[in-house]
K.L.:
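Below: one structure in structure tokens.
Quick caveat, the model's predicted, so the values are computed rather than measured. Below, chain A is the first sequence line, B the second, and so on; all start at residue 1.
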Amino acid sequence: MDLHLIPGAEPSAEERAAVDAAVGPPASAWETGERRPDAEGHVAFGGHALRARRHLLLPALWAVQSRVGFITPGALNYVCRRLDVAPADAYGVATFYAMLSVKPQPTTIVHVCDDLACRLAGAPALLDAMRGERGAESVRSSPCLGLCERAPAVLFQCAGEGAKDYVVAPAARTAADEPKPPPPPPPPISSGTRPIEGVGTSIAARLGQGSPSAPQTEDGRRETLRLLARVGRVDPESLDDYRAHGGYRALPKAIAMGPEAIVREAIASKLQGRGGAAFPAGRKWEAVARQPARPHYLVCNADESEPGTFKDRVLMEEDPFALVEAMTIVAFATGCEHGFVYVRGEYPLAEARVRAAIAGARKAGLLGPNVLGSGFAFDIEVRRGAGAYICGEETALFNSIEGYRGEPRNKPPFPVEKGLFGKPTVINNVETLVNVLLVVEMGGDAFAAIGTGASTGPKLFCVSGNVERPGVYEVPFGPTLREVIGLAGGVPGGRAVRAVLLGGAAGSFVGPGELDVPLTFEGTRAIGAALGSGVVMVFDDRADLRDAVRRIAAFFRDESCGQCVPCRVGTERQEELVARLDAGRPLRSTAEEDALLDEIARAMRDASICGLGQTASGAIQSAIRRLGVFSA
Amino acid sequence: MSTARRLDATRPVTLSIDGASVTVPAGSTILEACRSRGIDTPTLCFLENLAPVNVCRVCVVELEGARVLVPACSRPVEADMKIRTDSERVRLSRRMVLEFLASSVDLSLASDDVRRWMERYGADPSRYGPPAPPRAANERDNAGPGHHHAASAGAAANVVQPVKVDNDLYVRDYARCILCYKCVQACGVEAQNTFAIAIAGRGFDARVSTEFATPLPESACVYCGNCIGVCPTGALMFKSEHDLRGAGKWDESRQTVTDTICPYCGVGCTLELRVQDNAIVRVTSPLDHDVTSGHLCIKGRFGWQFVQNRPEE
Ligand code: SF4
Ligand code: SF4
Ligand code: FES
């Protein structure tokens, strides 16, 4: 391919420096560097070796975005030369992600979450207030920022030298109907000093007192907690403190056990994936371990974007070494030398903490060419997403890491066979991975004894919406929905529950008559719902469910990758249909609209490529059918 | 082509399609198996000379034991698969895909097959309400990912927009684009390796675009016209044809097609010259041609003005 660049568009010095920092300095004149006549002669450097670095495309685009605030033609040219990617191709990638811009925009963009939980906490009014104060140019509405326990939430995306993104949540501390614009930015997170929490309390000040994101850790009964045991108690930036709280006990034990034994214990534990698909984790690891093709990759899916989900964020922010240790064990068990953590772009603090933990572990010989002197080599790279829910779909995530648009792949082949870079790949989310520490420490059988038999181990639920104390709650599998809501203090003011959204936008609503469903894989399945990612979002009898349904319809329209027809057009038609129902202006009759929605839903479920399209109607249909949202 | 598949005739695979037993070489797709039985299977994004991208989903079939329908165009056959090509689920999904496209894209220049399939499956694109008004030029090109105006209760969104005419050789009428990805494939890894166009944007706002939606003459386009050759809906069209159609003079009944060999170089590409009123109006090459696989370069595709350089009559 001859690279045809955008005529006359030169990168600025800042842009070059930013890109070079992300992808390394140019190796030859071919890549815009110094010409080295001795080494280069008349030979062009490039070809496969250069194109093999395409996976640096997203980091390079991020570097430009964070430095100058948008991707200029000159910067795009430079990125393309450095990675041998055609400008149209790179432009296609850049325009896929909501946090990247190809048009000039202010250097600070305020993303105001106006998704489900934040709407209940006054997000629309907050959005208006922010627009009034800062100008519409600088303020965007955002899909769920994963801060539902501190709604309403705001993410500041900042560009400039040394600028860092940060969140403010809750952005309004007063009653929901009179939100205040967020306070001026706190000092940016900088390395060396302790990161500042969005709520304004430093980690040091509240260590030992638990975490406001996980209310159970704040009261005295933490002995019951396993996944959250260290949360709010351990210094997330200190390896020593992690060790002092039981960290890095599982890894030496795992290495002594050997890979086969770890997989055996994982299978015995009956641990199932916590991201929504509930696939047996041990089986997945076994399948990858057995693949003859090399290398094997381990990917941690930390693109936690399901509206209402924030448990992985809390684990990464508060106990990041646990993720690093868990990944090391799974990599050892499955023969992976290289791991990736793909963190959603909206989680700057989680990303910073995981990066720091990886660096700390590497320095201590817990990652690297010879982990704990065992001869096992493993290292982890962090990749930052850039605002695309679909990248939580595992094959879309692979494409995103590889430097392509985050479009899901058709399956089969499945990741265990052909995953990242076409190689056998283990992909699990944060919560699933962290469970392996327990499996190794207590043994598979003991782990399987926790829970109900069909759903084993501890489980994190993200309880949000109209509850007294929203947050991440840990229970051994088994309690009912009512009990979990009770853990969070029930509905404020003793009001009645009107509906609960289980599993997020891709899940479904259940009504007040279904509060006694056990929150297990089998229990939710029995009532035609699903556990999904552990979302329990409560709507009381004052909540505007029509508004929630419209938001969900808009969400899928926004987040469809656009690749396949059923989802690309189906999510649009579904949103239009919901708008008609909401406006009380059905085409023909309400009954016919209902039948049409059913056909749209069936086509999306049956013919879409991936889970996004396949689940895009579930919550909406459940709201209409179970709750009669548009009937009254 | 980068993705040539290998069929292995020494390893026959037997499966069942609509109750009948079918045997095809290993490596065949379900689509090939269906076609070997003469089952008319609709396809839009599939083309024999490109790797299947399986995005339009009009070819879906029901595979026993699978949770969802599977795309026939890309799914390789396996022994003892049980396939149904005309079940209620299959018919519904095919009808909906055709309705979704016909209600959002101008399909008036798509092949007669499309009309036949729409009839067969009873597609009624009008049931989504009146179409939304056309978009301004470049409006869709500027749509950012993840942000859209809330859907209107009154009108069905679509991709209607002005034609892009920015060079003398071909036009891009994206009001007709079904986003089948074929032009992107042909411009990229599958044929031309130029990568002048890519899919940009996301969701309903996804579109085929050059970098920054720059006009073709400033882009990397080399005018091989291979994208035109694969476009199934007339979205990419010779300027000569576009002008004749615009003037109301395009008339297929007055056209002939003549096969010849390109005179320019030693490769020897076969050209099919479509001629109306003694003037060449479009040039293609047969998809199954073993030299071209349907692909040409700018000279064969567009370099024929000299043969009709006649003195003014
Ligand atoms: S179902 Fe939606 S998100 Fe998934 S591949 Fe298709 S268009 Fe993309
Ligand atoms: S322009 Fe034609 S070939 Fe290209 S994606 Fe659209 S319909 Fe397909
Ligand atoms: S022809 Fe199979 S998905 Fe388009």
K.L.:
Quick one: what part of Ala66(B) sits under 4.5 Å from any heavy atom of chain A, side chain, backbone, both or neither?
P.N.:
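When you check distances to chain A, no heavy atom of Ala66(B) falls under 4.5 Å.
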K.L.:
What part of Ala583(A) lies closer than 4.5 angstrom to a heavy atom of chain B: side chain, backbone, both or neither?
P.N.:
side chain
K.L.:
Side chain from CB out, backbone as N, CA, C, O: work out which of these in Ser608(A) comes under 4.5 Å of a heavy atom of chain B, or both, or neither.
P.N.:
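Backbone only.
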K.L.:
Go through the atoms of Arg550(A) and report whether side chain, backbone, both or neither lie under 4.5 Å from a heavy atom of chain B.
P.N.:
side chain
K.L.:
Tell me, side chain or backbone of Ile600(A) under 4.5 Å from chain B's heavy atoms, or both, or neither?
P.N.:
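Ile600(A) touches chain B through backbone and side-chain heavy atoms alike.
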K.L.:
Chain B: which of Ser101(A), Pro7(A), Ser142(A), Pro412(A) shares the most heavy-atom pairs with it under 4.5 Å?
P.N.:
Pro412(A)
K.L.:
Using non-hydrogen atoms and a 4.5 Å limit, figure out which bit of Ser104(B) sits close to chain A: side chain, backbone, both or neither.
P.N.:
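Its backbone and side chain both get close to chain A.
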K.L.:
Would you mind checking if Arg172(B) and Asp166(B) are paired as a salt bridge, meaning a charged N to carboxylate O distance below 4.0 Å?
P.N.:
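Salt bridge flag = yes for Arg172(B) with Asp166(B).
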K.L.:
Kindly indicate whether the side chain of Thr85(B), heavy atoms from C-beta on, has any atom under 4.5 Å from the side chain of Thr41(B).
P.N.:
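No, every pair of side-chain atoms sits at 4.5 Å or beyond.
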K.L.:
Answer with side chain, backbone, both or neither: which region of Arg75(B) has an atom nearer than 4.5 Å to a non-hydrogen atom of chain A?
P.N.:
side chain
K.L.:
Suppose we screen for ring-ring contact (aromatic ring centres under 6.0 Å, His included). Which residues come up paired with Tyr97(A), at least two apart in sequence or across chains?
P.N.:
none
K.L.:
Check whether the side chains of Arg127(B) and Ser103(B) place a donor and an acceptor atom closer than 3.5 Å, and report yes or no.
P.N.:
no
K.L.:
Tell me, for Ala196(B) versus chain A, whether the close heavy atoms (under 4.5 Å) come from the side chain, the backbone, both or neither.
P.N.:
backbone
K.L.:
So, Glu346(A) and His111(A): side-chain donor and acceptor under 3.5 Å apart, yes or no?
P.N.:
no
K.L.:
Is Leu587(A) in contact with chain B via its backbone, its side chain, both, or neither, using a 4.5 Å heavy-atom distance?
P.N.:
side chain
K.L.:
Tell me if the centroids of the rings in Phe555(A) and Tyr389(A) come within less than 6.0 Å of each other.
P.N.:
yes
K.L.:
Between the side chains of Gln105(A) and Arg140(A), is a donor N or O closer than 3.5 angstrom to an acceptor N or O?
P.N.:
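Checked: Gln105(A)/Arg140(A) side chains pair up, N/O donor to acceptor below 3.5 Å.
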